[in-house]
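Remarks on the structure that follows.
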Amino acid sequence: MDGNNFYVSCERVFNPSLEGKPVVVLSNNDGCIISRSNEAKALGLKMGEPVFKRKDFIAKNNVSVFSSNYTLYGDMSNRMMMTLKTFAPDIEVYSIDEAFLNLSGIQVDFNEYAHRIRNTIFKNTGLPVGVGFGQTKTLAKIANKIGKKQNGVFIIDTPRIQDWALRNTAIEEVWGIGRQYAILLMKNNIKTAYDFTQLDTQWIRKNMTVVGQRIKEELAGVSCIPLETMAPAKKNIATTRAFGQKISDINLIAEAVANHAVRCAEKLRQQHSVANYLNVFIHTDPFSEHETYVSRNLTLTLPQASNSNQALIQAALQGLRQIYQPGLKYKKTGIIVSGITPDNFVQGNLFEGSDFRKKELTSLTDHINQRYGRDKLKLAVQGSGKEWHLKQEKLSPRYTTRWTELLKVKA
DNA sequence: TCTGGGGTCCTAGGACCC
DNA sequence: TCTGGGGTCCTAGGACCC
């Protein structure tokens with residue numbers, strides 16, 4: 001199952017006047033186009049296109065533009081997945097708008113069931129989705145894609161249909177075939193998914209590693225990519241943002257860095273992990289034509305594996321001070337934590353005390369912030385964020401998660 | 001004549017996904 | 001003026017061990 005033009009569809013649920021019209025949603029900082037309605041696609045607006053390049057075109061064609069509202073999309077996604085979970089015992093939530101359902105052993109009319117899934121999700125959330133059935137994840141993705149061009153549903157349930165589907169799927173449409181592999185395959189006259197299944201396995205292995213070999217098997221109906229019903233703990237966690245405007249002042253950058261460190265710490269606590277390493281990076285505008293691009297980063301080993309706000313901030317700022325060069329106009333900074341292990345088994349440090357007091361403090365502030373809103377309680381170094389925070393000029397309300405932003409209806 | 005055999009760990013780089 | 005933010009996996013090569 002996957003959502004149609006997911007972010008745009010989320011906006012439309014609360015703003016039905018957008019139906020049938022060109023709509024786009026932008027990336028953070030209102031930079032690039034990352035979700036498009038069918039009408040916007042038909043106008044020729046491209047995925048990932050910088051929006052400033054098409055500003056006049058967008059105005060002339062009355063395209064509605066939205067900043068990305070991840071609070072809203074995340075909540076709508078949860079609602080969608082909750083409905084979906086009533087349709088199969090095993091489900092893998094693969095991304096914000098995609099999930100795999102395991103229906104093996106379930107005796108149903110697949111076509112009827114697929115439509116029932118679509119209709120129920122639409123009724124419960126207002127979101128349009130597509131459903132595809134296949135013997136493997138890769139085949140299900142292909143079925144889903146074909147379904148989008150029809151009535152939202154496609155079932156691959158016989159060898160004849162499978163053969164037809166593979167012959168009618170361009171090689172670059174196949175899950176796991178990206179730009180580089182597509183170029184390589186085109187050079188070798190492989191144009192469709194079907195052509196790929198006819199390739200010599202040794203050639204695939206040599207040129208595309210075992211990953212390519214799995215794709216071949218999956219296309220033939222042999223499952224090689226298992227369903228992951230439990231999301232494994234993340235091995236890296238990052239929080240990175242471009243600034244709304246370029247910044248030189250280290251104190252302002254430090255505010256951003258401190259906030260990113262806190263977000264990373266929160267993400268670690270959410271999955272009950274601690275990190276051993278912290279990487280902090282900073283760079284100038286990579287697109288600037290008159291300034292040379294400067295990018296620096298540093299990885300620090302934490303004195304003790306941690307997920308506390310203070311410990312991560314301390315390391316992050318220490319790193320920042322080492323890589324910061326005065327006089328440059330910076331555009332982006334970020335934190336990446338790694339060396340992640342479960343938080344119930346932290347190796348002690350002979351030279352550091354235990355950080356149980358930090359733990360107490362953190363769990364208290366987490367509780368308060370959960371109840372009264374993010375960053376209600378924070379460290380002074382996190383600052384106000386006015387100078388560096390995101391550009392979000394077209395942000396819609398958080399309709400489903402804030403009382404103050406509820407949809408108002410005039411009767 | 002002509003220098004063993006079997007391992008692990010780490011990292012960088014390249015590919016991919018949403 | 002102006003270009004996002006997350007992630008994963010695989011492989012080769014180098015360093016090391018006994």
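A, B, ... follow the sequence lines: proteins, then strands. Residue 1 opens every chain. These figures come from a predicted structure and were not determined experimentally.
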A/Arg116 charged N/C atom sitting above A/Tyr113 aromatic ring, 6.0 Å / 45°: no
In the 5' to 3' direction, the nucleotides of DNA chain B bounding the stretch that comes under 4.0 Å of a heavy atom in chain A are B/dA15 to B/dC18
Checking all strands, does [X] fall into the base, sugar-phosphate, or nothing category for heavy-atom contacts under 4.0 angstrom?
X        : result
A/Leu26  : nothing
A/Ile96  : nothing
A/Asn236 : sugar-phosphate
A/Asp30  : nothing
A/Glu49  : nothing
A/Thr239 : sugar-phosphate
A/Arg54  : nothing
A/Lys246 : sugar-phosphate

Is the side chain of A/Asp195 donor-acceptor paired with the backbone N or O of A/Thr192 at a distance under 3.5 Å, no angle test? yes
With distance as the sole test, does A/Arg296 use its side chain to make a donor-acceptor pair with the main-chain N or O of A/Phe281 at under 3.5 Å? no
Of A/Lys267 and A/Pro50, the one whose closest nucleotide on DNA chain C sits nearer the 5' end is A/Pro50
Report the residue (A/Lys391 or A/Arg205) whose heavy-atom-nearest nucleotide on DNA chain C is the more 5′ of the two. A/Lys391
Please tell me whether A/Tyr194 and A/Trp164 form a close aromatic pair, meaning their ring centres lie under 6.0 Å apart. no
With sequence neighbours excluded, tell me which residues meet salt bridge (Lys or Arg N to Asp or Glu O under 4.0 Å) with A/Glu92. A/Lys137
In dot-bracket form, 5' to 3', how is DNA chain C paired? Count Watson-Crick and G-U wobble pairs only if both distances fall under 3.5 Å, and write | where the partner sits on another strand. ....||||||||||||||
Side-chain touch A/Thr71/A/Asp75, heavy atoms, less than 4.5 angstrom: no
Do A/Met76 and A/Phe14 have side chains that get closer than 4.5 Å, going by heavy atoms? yes
Surrounding CZ of A/Phe122 (heavy atoms of other residues, nucleotides or ligands, distance under 6.0 Å), is the total greater than 12? no
May I have the step-by-step check of side chain to side chain donor-acceptor pair (under 3.5 Å) for A/Asn236 and A/Lys234, ending in yes or no? CA-CA 6 Å; A/Asn236 299 288; A/Lys234 289 191 169 53; over 6 Å; no
